Amino acid sequence: MNDDQERNTINCFRNRLRRLINVGPVLDMLQFLSDDQKELIRAKTRTEGDISAADLLLHEVITKEHSEGWFRELITALETAGCRHAANYMENNPPSPSKEFENDNCIKLIDLLKLSLVDMKTRDVCNSCYQRSLLTDEDRENVSRPFENLGNKAGARLLLSRLVKKELGWYSEFLEALKETGHGMLARELQGEPLKGHGETHSLLSNRKGDTVKSPYPDCSDHETSGGHYVHNSINPSISAMTMSDSEIVLHDYQMEVALPALEGKNIIICLPTGSGKTRVAVYITKQHLESRRRMGQPGKVVVLVNKVPLVEQHYKAEFGKFLKHQYSVERVSGDSQLKISFPQVIEKNDIIICTAQILENSLAKAKNGDEDGIKLSQFTLMVIDECHHTQKGGVYNHIMIRYLKQKHRNIGLLKEQKTPVPLPQILGLTASPGVGGAKNQQKAEEHILRICANLDAYTIKTKSLREELMAPYKCIASAPERKEDPFGDVIKGIMDEIHSHAELSPLCQPGTQNYEQWVVQKEQNAAKEDNPRVRVCAEHLRQYNEALHQSNTIRMSDAFSFLNKYYNEELKKKSSPDEDDVIQITDTERFLFRLFKDNKEHLQELTKNPQYENNTLATLKTKILQEFTSRTIARGIIFTKTRHSAIALSQWIRENPKFESVGVRASHLIGGGDQSVVKPMTSAEQKDVLNKFHEGEINVLIATTVAEEGLDIAQCNFVIRYCLVTNEIAMIQARGRGRAEDSSYTVVEEAGSGVAERESVNEYRETMMSKAIARVCTLCQEEYEKKTKEYQMQAIMEERVKVKKKQQKVMKKEDPSKVKFSCRSCNKPVCSGEDIEIIENMHHVNVTTAFRELFTVRENTSLQERFLDYEANGVIACKQCGQQWGSMMLYKSIECPCLHIKHFVVTYGSKKKDFRKWNELAIRFPSFSYLQHAEHIANNSDEEMGDME
């Protein structure tokens, strides 16, 4: 191998090598590294342990220039230091996959039985292993040192950590050493033989089908502390808690430590890394809470709040229902639930309710308005808030907690008046990453943490340093070189220039960027208000070309072309009416735009067939995926991308590429369920199906949008890739936390010069600020902490009062509906007056007048799949004159109601034309929809029609 090949081989096996190298003795024999480099690596060993030090050693080896013969010197050092197994990998001579898999299982069995193994006679076993050439002289000396200073168990742990790094064959030799030193029972247990009196419970090498089994706790491992001591299973991201049965919950020490204040009845926030078992701690606290109230003869009721619909079912099946339903009644409620009883009845009949926060907020609002269908916070005794870092201004969690804080404040007054206060639930917040809220300095970061604590009325925020860096995923930035040629993009930019000329537009920024997107959206909005259809429709088309340009820089050119082709096909469909008697107008500008795409369509399609013009980031992603699947026995990972369209396109790209298939890649996409995009959303059932297949191994690569970053319990991954995507520090921590398996990697793939790597560095800085801020808040004296949080609480209450007052004033000032007129956003045709509009359930603005029905056509919309209790929406209503979408056709209690989306209209308010995105921005008091009146009207018309027929 040449120099580059040697470095590439080391980099390819880096994840495995960093766990196979004994850094100290290897470092002593390396002459090609400078003294400064060696000292830096030794310092890393002292502060962070062997794995981090080995990682730094490999980094220095791969990235720095060395004197001739460095590779042979490194191999010799590894062999001399007893790291022959690592040397084999470096020489590109790894064991066969089957032997590697078998060796991995042996290591996992050692980890699983370590509690028993640490009681062995360490000195005797060490000498026996030395005689069998399993240990070097230095190994034996190192094992003896902790044995003499710290006792038998410390020596045993170090011995085991050295053995698992040895060349294949060590396991059988170790078994013989155990037998020779009087540990026959341990040897039999490691061989999977049932122990006398234990039946099959300790048979670990085979499962019921007779196959080799993975450890039920595959990542249970010992980690070295900074002082050289070893702690068993003190940090394990993959094990939430050791469970003896579906009803018994046993917490790890660190989990019990963070839970203690909550077990004493205090409001707390638990901040632990993703995968460290926060939800399991919450289940334990819930159980103890209900049991303690039952012992005191008091009723207990727990509500578990989540911010995503799929989490309702997940928390029920995997956590709260699994461990508590045998003892308590547990129910889940979400938008997907098909319950036959009302939410207040669900609350009344169950001990534990898992629901989306919005459902609870809606019921709390109903109670405030005097609705019998409402509920009160006082009905609960414990409220668990998952992903509680969302308890900030504007969020539904915060709306709920503002109600709590107001009542808490009122209770202080009631107590002063010697009146009985209204009971409030205990609060338990769960988060992995509270973030810093955009803070640019440490003081602002601490204020952000304190505000979250105040919003949740937390007595304290409990966290635990799990020395996550020892098992954190190996991180790297993979930068792809910039494109030298981009003829596909050049053609699109040429089309955009022609549109700019036609519409007399002069953009101030480059096409294909976020700035251009913002500019063109503003132009479209202004043109709609100014009744300038030429600029408005050109801006709309420019937005699509800008999206295609962005797509061609991240996914295949063919995907970008398909996106444009689909858009123009759909636009042409809008210009054809389902009713043959109606003719939809096509303007000269629209003809120009259709012809422009048609003239360039063939050229664009031809360019997609030339792979040499594809973007380099896609090639970099391909290399990274292949590297993960060729360097691991079993690979399973997630690729995060920005849009639903790119997730689907990347999934298709992987499935169509035979190279991926040859290394065993089986991919699928996972996207959100909200109807916020032109891409058809995934239903909860579809999301669940994909996640189940991923869990079972039927799928081993997920290409996901941010829906998979937070909360969802995704099976253990050993690689995570963020593809041309960087958001904030919370998202970075959540995404990185998906790599829960040992030996994981976390990679950011970017195009050089795109700024992605720089933003990732900013997020790392913010993560450090967040950790320091939490530590600082935890060290505040209780008096100072309570003073600061109380100030923030009073500020939040006052801000809410001002907001409510402004809202009330706004309602009082609301104009009569006759003051507004609506016209089509596209062709400016007058549509209706505000007097024609009514509201269903305080949300849906409908126009059921006969005159309005003459103005639109109904088209099918396959991407719109809404199903609610009293209505459903399937069709799209569109302008008969120009085909512009206006809204959807709702079926409300068997009455067809055209539902208007205000963003598709220009609103004339007095003498001014305005652009609104949401109905609540329009200060008009619309009347409620009268179901009885319309039902009677329809029934009377039907009777008249029947009479005419007779």
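Counting begins at 1 with the first residue of the sequence. All figures in this text were calculated on a predicted structure; none of them were measured in a lab.
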Taking L158's backbone N and O only, do any of them form a donor-acceptor pair with S161's side chain (distance below 3.5 Å, no angle check)? yes
Is the closest side-chain donor-acceptor distance between E750 and T617 under 3.5 Å? no
Using only atom types and a distance under 3.5 Å, with no angle test, would you say the side chain of K153 pairs donor to acceptor with the backbone of D119? no
Minimum side-chain heavy-atom gap I461-I270 below 4.5 Å: no
Would you say the side-chain atoms of T431 pair up with the backbone N or O of S433, donor to acceptor, closer than 3.5 Å? yes
Just wondering, do L135 and C126 contact through their side chains at under 4.5 Å, heavy atoms? yes
For A54, side-chain contact (heavy atoms from CB on, under 4.5 Å) partners two or more places apart: R18, I21, V23
Mind checking whether K114 and L160 have side chains closer than 4.5 Å, heavy atoms only? yes
Checking side-chain polar atoms at under 3.5 Å, does D139 have a donor or acceptor matched by the opposite partner on T136? yes
As an exercise, state the distance from CZ of F629 to CG of N700, rounded to the nearest 0.5 Å. 4.0 Å
Tell me whether K179 is salt-bridged to E176, with the criterion being a basic N under 4.0 Å from an acidic carboxylate O. yes
Could you tell me if R722 sits above the aromatic ring of Y746, with its cationic atom closer than 6.0 Å to the ring centre and no more than 45 degrees from the axis? no
For residues K165 and R19, determine if any side-chain heavy atom of one lies less than 4.5 Å from a side-chain heavy atom of the other. no
Any chance you could lay out the side-chain contact (heavy atoms from CB on, under 4.5 Å) test for T747 and F719, step after step, and finish with the verdict? CA-CA 8 Å; T747 306; F719 72 89; over 6 Å; no
To the nearest 0.5 Å, tell me how far D28 CG sits from T80 OG1. 11.5 Å
To the nearest 0.5 angstrom, please state how far the CD1 atom of I41 sits from the CD atom of E60. 5.5 Å
Test side-chain contact (heavy atoms from CB on, under 4.5 Å) applied to Q442 - qualifying residues, sequence neighbours left out: A445, E446, M769, K772, A773
Would you please say whether a donor-acceptor pair under 3.5 Å links the side chains of N616 and E751? no
Taking P25's backbone N and O only, do any of them form a donor-acceptor pair with N22's side chain (distance below 3.5 Å, no angle check)? no
Test: R72 and E91 ion pair at under 4.0 Å: yes
Counting only N and O atoms by type, is there a donor-acceptor contact under 3.5 Å from the side chain of N127 to the main-chain atoms of R123? yes
Take D3 and E6, measure what side-chain contact (heavy atoms from CB on, under 4.5 Å) needs, and give me the verdict at the end. CA-CA 5 Å; D3 203 59; E6 289 162 350; 3.8 Å; yes
Classify the ring geometry of W170 against F174: parallel below 30°, tilted from 30° to 60°, perpendicular beyond 60°. tilted
Residues D111, K108: salt bridge by 4.0 Å N-O rule: no
Under 3.5 Å: donor-acceptor pair, side chain of T463, backbone of C271: yes
Taking N103 for the side chain and K99 for the main chain, is one N or O donor matched with an acceptor at less than 3.5 Å? no
When you look at T460 and K462, which way does the side-chain contact (heavy atoms from CB on, under 4.5 Å) test go after all the steps? CA-CA 6 Å; T460 185; K462 292 294 291 183; 3.8 Å; yes
Side-chain contact, heavy-atom cut-off 4.5 Å: M29 with T76? no
Using modelled atom types only, decide if a donor and an acceptor are shared between the side chain of N11 and the backbone of R7 within a distance under 3.5 Å. no
Would you give the length of the straight line joining atom CD1 of I110 to atom CG of L117, rounded to the nearest 0.5 angstrom? 5.5 Å
Is there a side-chain contact between L57 and L33 (heavy atoms, below 4.5 Å)? yes
Pair N152-T122, side chain to side chain donor-acceptor pair (under 3.5 Å): steps then yes or no: CA-CA 6 Å; N152 187 75; T122 303; 2.9 Å; yes
Is there a side-chain contact between V61 and L30, using heavy atoms and a 4.5 Å cut-off? no
Sorted by chain and residue number, the side-chain contact (heavy atoms from CB on, under 4.5 Å) partners of E173 (sequence neighbours excluded) come out as R132, L134
Here the gap from N142 atom CG to L159 atom CG, rounded to the nearest 0.5 Å, amounts to 11.5 Å
Using a strict cut-off of less than 4.0 Å between a Lys/Arg side-chain nitrogen and an Asp/Glu carboxylate oxygen, indicate whether D104 and R16 qualify as a salt bridge. yes
How many angstroms lie between atom CG of L178 and atom SG of C129, to the nearest 0.5 angstrom? 7.0 Å
side-chain contact (heavy atoms from CB on, under 4.5 Å) evaluation trace for I703 with F640: CA-CA 6 Å; I703 298 94; F640 288 104; over 6 Å; no
